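What follows is a set of notes on a single structure, which appears directly below.
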Number of protein chains: 2
Amino acid sequence: MIIIGEKLNGAIPSVKSAIESKDENFIREKAIAQAEAGANFIDVCAGTAPDVELRTLNWMIDIVQEAVETPLCIDSPDPEILKAVFPRCNKPGLVNSMSGEGNKMEVLLPLFKEADPKWELVIMTCDNQGIPNTVEKKLELTKMMVEESKKYGLTPDRIHIDPCIMALSTDNLSFLNFKREIEAIREVYPEIHITSGLSNISFGMPVRKLMNQNFMTLSMFVGMDSAVLDPLSRDLMGAIYATEALMGNDKLCRKYSNAYRKGKIGPIKK
Amino acid sequence: MIIIGEKLNGAIPSVKSAIESKDENFIREKAIAQAEAGANFIDVCAGTAPDVELRTLNWMIDIVQEAVETPLCIDSPDPEILKAVFPRCNKPGLVNSMSGEGNKMEVLLPLFKEADPKWELVIMTCDNQGIPNTVEKKLELTKMMVEESKKYGLTPDRIHIDPCIMALSTDNLSFLNFKREIEAIREVYPEIHITSGLSNISFGMPVRKLMNQNFMTLSMFVGMDSAVLDPLSRDLMGAIYATEALMGNDKLCRKYSNAYRKGKIGPIKK
């Protein structure tokens, strides 16, 4: 399971405050905590007004890179911002995200042409028409974008497809469709990653954490191998270790037992 | 999901004490709490020395039947005890359990011949040779016992097969084999119930609740529709409601939302 740590996003009020007050320590500590908890990428998203987004993102990137070895996931809705911060990263990371919308493909794909072949990319299955409402159309969009990516040297094993799951409250079959989408995409690209934010599924529902956690467990089982989540949540990390073991991916349950011994999962030891 | 409430088992120290001190109130309150939490059956297991088991079980049955409308799950390793308490139940319930061991089939199946056709039976897939170690042998045992049950009027829709899952710590493929067993059994008997205790999977591991809960979520997804569990655990009940919704079984997520409104799931409201 590839964990993209979500705690450095300007949409979170405490992060917003830290950005406004230039609180480097806050940013540093969140980066270190996520890295120690097992994040594979640290997402950085400024979430500020466009005129200060670039400056803010550069500031965050510098702090995180100095604090941890974990690669960055540079995150912006604006491809020009992603292009601008790309060279500032001192090691290959993850670009979050491309889609068929606007000029995203034209701006982002050329970045990969000359870049370190370890750079990876999140692709969302939507375009100017929005999010397709059938598995077939999502697969079609995926194919179009993956094939285009290949022209820039970006192989499917470096791509994380986000099938843009619908909220369960608006579509009761949302998770079952997600499963079908994963199966359809993996049939064409067996080595591709499938990712998702965890919280879209529970939009409009109470006890969202409960729904998100069970969604994650089931999604891992049906083939999701990457997710944007809070690695500081002991419940989520516990569910990941337990699910990997149940799926037969943890020989003698050693990783699970070690995570417990290191205090990463289970009740906090006094 | 059919919930068999497990909180009235003499193997639990507080229940053992209540049995020893003849604390009727304790038994009554645990029955009421489980019924209110949504148990479909209240398991009663004396867990005492054989010479007092019958007396104890009768005492428990009387208290529970007076306290709640929820049917009983009469639970003993000794088929003669189950036969003796069977007529004491004032409504049809669940017999827990039969297997191919000893004289269980000969003693238990005739009970169903003349009984109310709402009585149900848990069948464990083991015999005098122990628990088979292949899917094929478990299926064979299942078929033998289900076909024998039919002769006594007990149809598959009234049978809960417990495939006797192995601990994940001793068999890394335990859950994946459970999935295969469910599929194999359902192919022959589509209408049969599949049940399990939740705690066998986590034997020998730390943070057993975490493992049990994720096992339950995944097992529901692969077809387990009955389980012996603690309905007073908000985490487990929350996982059940969330998983049913994710599986598309909860139109407009109404059951999930109602469970929250009634305070059954989520953080306890102050």
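In this text the structure is predicted, and so the values were computed from the model without any measurement. Side chains included, hydrogens not; waters and symmetry mates left out as well; all remaining heavy atoms used. By convention in this document, chain letters (A, B, ...) are assigned in the order of the sequence lines, proteins followed by strands, and residues within each chain are numbered from 1.
- For B:Phe215, the parts sitting under 4.5 Å from any heavy atom of chain A are the backbone and the side chain alike.
- Chosen from A:Leu168, A:Asp250, A:Leu246, A:Leu210, the residue pairing most often with chain B at heavy-atom distances under 4.5 Å is A:Leu246.
- Most heavy-atom pairs under 4.5 Å with chain A: of the set B:Met205, B:Arg261, B:Lys179, this distinction falls to B:Met205.
- When each of B:Ser174, B:Ala239, B:Ser169, B:Gly204 is scored by its heavy-atom pairs under 4.5 Å with chain A, the top score falls to B:Ala239.
- Summarising the local packing, CD of B:Glu191 is surrounded by more than 12 heavy atoms from other residues, nucleotides or ligands at distances under 6.0 Å.
- Of the listed residues B:Leu218, B:Leu176, B:Leu173, B:Asp235, the one with more heavy-atom pairs under 4.5 angstrom with chain A than any other is B:Leu218.
- Contact detail for B:Tyr256 and A:Val207: the closest heavy-atom pair is OH-O, 3.0 Å.
- A donor-acceptor pair is defined here as one N or O able to donate and one able to accept, closer than 3.5 Å; such a pair exists between the side chain of B:Asn172 and the backbone of A:Leu252.
- Minimum heavy-atom separation, B:Ala245 to A:Met211: CB-CE, 3.9 Å.
- Chain B forms the most heavy-atom pairs under 4.5 Å with one residue out of A:Ser202, A:Cys253, A:Ser257, A:Gly266, and that residue is A:Cys253.
- Interface remark: of the candidates B:Pro267, B:Ala242, B:Gly248, B:Ala242 forms the most heavy-atom pairs closer than 4.5 Å to chain A.
- For A:Phe221, the CZ atom is densely surrounded, since the number of other residues' heavy atoms within 6.0 Å is greater than 12.
- With B:Asn214 contributing its side chain and A:Thr217 its backbone, the two residues share no donor-acceptor pair below 3.5 Å.
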